[in-house]
Amino acid sequence: MTGVFALIDCNNFYVSCERVFDPALEGRPVVVLSNNDGCVIARSNEAKALGIGMGTALFEARPLLEKHGVRVYSSNYALYGDMSNRVMAALSEFTPNVEVYSIDEAFLDLSGFRRLGSGRHGRDIRAKVHRWTGIPVSAGIAATKTLAKLAGGIAKRYPETGGVFDLTGLSGRRDAMAATDIGGVWGIGHRYARMLRRNGIETALHFHDAAGPWVRKRMGVAGARTWLELKGVACFDLECQPPARKTTVVSRSFRDAIENEEELRQAVAVFAARAAEKLREGGLTAGSVTAFVATSRFGPARHQYHNAATVALASPSNHTGAVTKAALAALKGIFRRRRRYKKAGVMLLDLAAAGRAQPNLFAPSNDGRGGRLMEALDRINRKDWGEPGSGARGWGDLLHYGAAGIHRGWRMKQAYRSPRYTTNWNELPVARG
DNA sequence: TCTGGGGTCCTAGGACCC
DNA sequence: TCTGGGGTCCTAGGACCC
């Protein structure tokens, strides 16, 4: 017996979060910006209708934004993360089989819910999430995840669906695929979409009707799976237990390019400290540390430089000192003078559960004094002025290693951030009666 | 002047071994 | 003079996702 997958997708999620706490934004064009206020990463339907593209740089979008009085927000990940948890909690009221796929999407297994019809369940879910959280969602329901994504796209694009589109029956499947651009198929990115269009494949239906061996040859096993999934053959299961993370990254673009080595070292030290903190939050250790740097992608080719280097830790660790030291050693090998660095980052590799890692008798221990020091550091940094896990803490940590410096000339730009309504006592909304 | 951040998987090719 | 082939591991790069 075949399964039934539902994809639940929050509409314009970041914008919807802002609207929950400021209902006056309803019906108005709203956009949310990336870290550093660099470009547009979320748009309300009204903003989309104005022609503001996803990923448009703020300086490019500004004339349109001003002309139409678009409300502009810096991203507020503390708020979005918390709202996401509430949405997922509402979904898990329906079934324990929930895969949290991203901050604003989840797959549900509805195989056991056939009695009332899938569409009815979709509408129930939609209503409940909205009632509990204020977030509007759309639902796509089908026999495979890829078809559920496709159905969700229809639900979102066609208001007459009421935000729910059920593709579990065979009828309508070809129409739905014919109405879906090839680039809108889950698993087909812009590169393959271009290649497919060159070969006359413009829609999901064209791809569905293409020859299997040809797809396998041109697109590998991943493409072949997508092709099968469109035919209703499930290749992807629900993953309710998120697999253990293998790497973690902390990186930022700089508001102003950095040339000075000491300044870059300070930035990398801050990234390393945050990365080590992420490890401790997840009860993990890393085996090696990569530092990477890059100049602007938008400058002339002769000015571009990007490089990365990896340093192994003497023994797996989540200690800020050890991680920072390794990151700075890696940076030393790749730093070149007279380059304008626009971005840098630290990646931690070979992650393992803390405590299960093979100890190295000859290296500083992760436990004992070092471990207690890290606990104290985390406790103090958590208090009042930041939330672990949020990307929006603004580097406000009071305690940090000396290498992180104190100037922070490269601090993030966040000119339009809304309050952290739900996670910071000092920023609770005030009710006026 | 100003263009996000954080992940995964697959594949091809080289090194090395038997 | 003849100069294989298969397996494994690693890495870099490319593709994808949100």
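As the structure is a computational prediction, the values presented were derived from the model and not from experiment. Residue numbering restarts at 1 for every chain, and letters A, B, ... go by the order of the sequence lines. Computation of the quantities below employed the complete heavy-atom set of this structure, encompassing side-chain atoms and omitting hydrogens, waters and symmetry-equivalent molecules.
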Problem set entry | salt bridge (charged side-chain N to carboxylate O under 4.0 Å, His left out) between Glu281(A) and Lys278(A), worked out | CA-CA 5 Å; Glu281(A) 284 163 20; Lys278(A) 278 167 77 175; over 6 Å; no
Problem set entry | Interatomic distance at C1', dC16(B) relative to dG4(C), whole Å | 15 Å
For this session: Let me know, please, whether Val249(A) or Arg216(A) comes out on the 5' side of the other along DNA chain B by nearest nucleotide.
Result: Val249(A)
Exercise. Between Lys278(A) and dG7(B), does any side-chain N or O lie under 4.0 Å from OP1 or OP2?
Worked result: yes
For this session: Give me the ring orientation class for Tyr80(A) and Tyr14(A): parallel if the planes are under 30° apart, tilted from 30 to 60°, perpendicular past 60°.
Result: parallel
Exercise. Axis-to-axis angle across the helix from dG5(B)-dC18(C) to dC18(B)-dG5(C), five pairs an end, to 10 degrees?
Worked result: 10°
For this session: Using heavy atoms to find the nearest nucleotide of DNA chain B for Arg225(A) and Thr248(A) separately, return the residue whose nucleotide is more 5′.
Result: Thr248(A)
Exercise. Within a strict 4.5 Å, meaning less than it, do heavy atoms of the Asn35(A) and Arg252(A) side chains meet?
Worked result: yes
Using atom types as modelled, flag every donor-acceptor pair under 3.5 Å from a side chain in residues 48-69 of chain A to any protein atom, sequence neighbours excluded.
{"unit_1": "Lys48(A)", "atom_1": "NZ", "unit_2": "Asn12(A)", "atom_2": "OD1", "d": "2.8"}
{"unit_1": "Thr56(A)", "atom_1": "OG1", "unit_2": "Gly53(A)", "atom_2": "N", "d": "3.2"}
{"unit_1": "Thr56(A)", "atom_1": "OG1", "unit_2": "Gly53(A)", "atom_2": "O", "d": "2.5"}
{"unit_1": "His68(A)", "atom_1": "ND1", "unit_2": "Leu64(A)", "atom_2": "O", "d": "3.2"}

Exercise. Taking 4.0 angstrom as the limit, do Glu277(A) and Arg280(A) come out as a salt bridge?
Worked result: no
Exercise. Which residues pass the salt bridge (charged side-chain N to carboxylate O under 4.0 Å, His left out) test with Asp209(A), sequence neighbours left out?
Worked result: Arg174(A)
Problem set entry | Listed partners of Arg123(A) passing salt bridge (charged side-chain N to carboxylate O under 4.0 Å, His left out), at least two apart | none
For this session: Using whole Å, report how far CG of Leu351(A) lies from P of dG6(B).
Result: 14 Å
Problem set entry | Heavy-atom pair of closest approach, residues Ala176(A) and Ile154(A) | O-CD1, 3.8 Å
For this session: Measure up the Phe254(A) and Phe271(A) rings against each other and bin them: parallel (under 30°), tilted (30 to 60°), perpendicular (over 60°).
Result: parallel
Problem set entry | Interatomic distance where CD belongs to Glu281(A) and P belongs to dG6(B) [whole Å] | 13 Å
Seminar exercise, completed: Expected string for nucleotides 12-18 of chain C under the B/S/- scheme (protein heavy atoms, under 4.0 Å, primed atoms plus P, OP1, OP2 as sugar-phosphate) is ---SSSS
Exercise. What's the CD-P distance between Glu277(A) and dG6(B), to the nearest Å?
Worked result: 13 Å
Exercise. Which one of Asn11(A), Thr161(A), Asn45(A), Asp9(A) satisfies the side-chain hydrogen bond (donor to acceptor under 3.5 Å, both in side chains) criterion with Lys156(A)?
Worked result: Asp9(A)
Table of protein N/O atoms under 3.5 Å from nucleotides 2-4 of chain B N/O atoms:
{"unit_1": "dT3(B)", "atom_1": "OP1", "unit_2": "Lys342(A)", "atom_2": "NZ", "d": "2.7"}
{"unit_1": "dG4(B)", "atom_1": "O4'", "unit_2": "Ser34(A)", "atom_2": "OG", "d": "3.1"}

Exercise. Starting at CG of Asp237(A) and ending at C1' of dC9(B), how long is that distance when rounded to a whole Å?
Worked result: 16 Å
Exercise. Rounding to a whole Å, what distance do you find between Phe292(A):CZ and dT11(C):P?
Worked result: 18 Å
For this session: Give the rounded distance in Å between these two atoms: CG of Leu284(A) and P of dG6(B).
Result: 16 Å
For this session: For the pair Glu99(A) and Lys145(A), find out whether any cationic side-chain nitrogen is under 4.0 Å from an anionic carboxylate oxygen.
Result: yes
